[in-house]
Amino acid sequence: MAQKHLNLCGRKVCCWQCYFYVTDGWKVYPSFIEPGDHIVSKTYMTRVEGENTRLRHYLARLHRKTLCYSKSVDMLKYSIRLLLHYLKYREIPVFS
């Protein structure tokens, strides 16, 4: 099961042009990530999980058991982009 999910995830992530990947050291990761690109670090993982928590805090649609919002992938992408724009620039773009 884990292999199937990592294959799916790997196909999505490979186009992101990442410089490195931070993981918690799960034994399956080295079969997917080159040693020079792989960082196993509790400190970095804490940061990543902190960012995930922050996103879930601001976007109710990311709560694991919510029924209140559409689960449309497009709407999720737009919501995250809008939130990141707001967090970076402290303004909400208004389109006419």
State plainly whether one hydrophobic cluster holds both [X] and [Y], where clusters connect Ile, Leu, Val, Met, Phe, Trp and Tyr through side-chain heavy atoms under 4.5 angstrom apart.
X   : Y   : result
L82 : L76 : yes
M45 : F20 : yes
Y21 : V28 : yes

Is it true that atom CD of E34 has more than 12 heavy atoms of other residues, nucleotides or ligands lying nearer than 6.0 Å?
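No, the 6.0 Å shell around CD holds no more than 12 heavy atoms from other groups.
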
Reported CG-to-CD distance for the pair L84 and E51, which is rounded to 0.5 angstrom:
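So the gap between those two atoms works out to 9.0 Å.
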
Less than 3.5 Å apart, which donor and acceptor atoms pair up between the side chains of residues 35-43 and the rest of the protein, not counting sequence neighbours?
{"unit_1": "H38", "atom_1": "NE2", "unit_2": "T23", "atom_2": "OG1", "d": "2.5"}
{"unit_1": "S41", "atom_1": "OG", "unit_2": "T43", "atom_2": "N", "d": "3.3"}
{"unit_1": "S41", "atom_1": "OG", "unit_2": "Y44", "atom_2": "N", "d": "3.2"}

Please list every donor-acceptor pair under 3.5 Å in which a side-chain atom of residues 87-94 meets a protein atom from a residue at least two apart or in another chain.
none

Partners meeting side-chain hydrogen bond (donor to acceptor under 3.5 Å, both in side chains) with H85 (sequence neighbours left out)
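Checked H85 against side-chain hydrogen bond (donor to acceptor under 3.5 Å, both in side chains); zero matches.
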
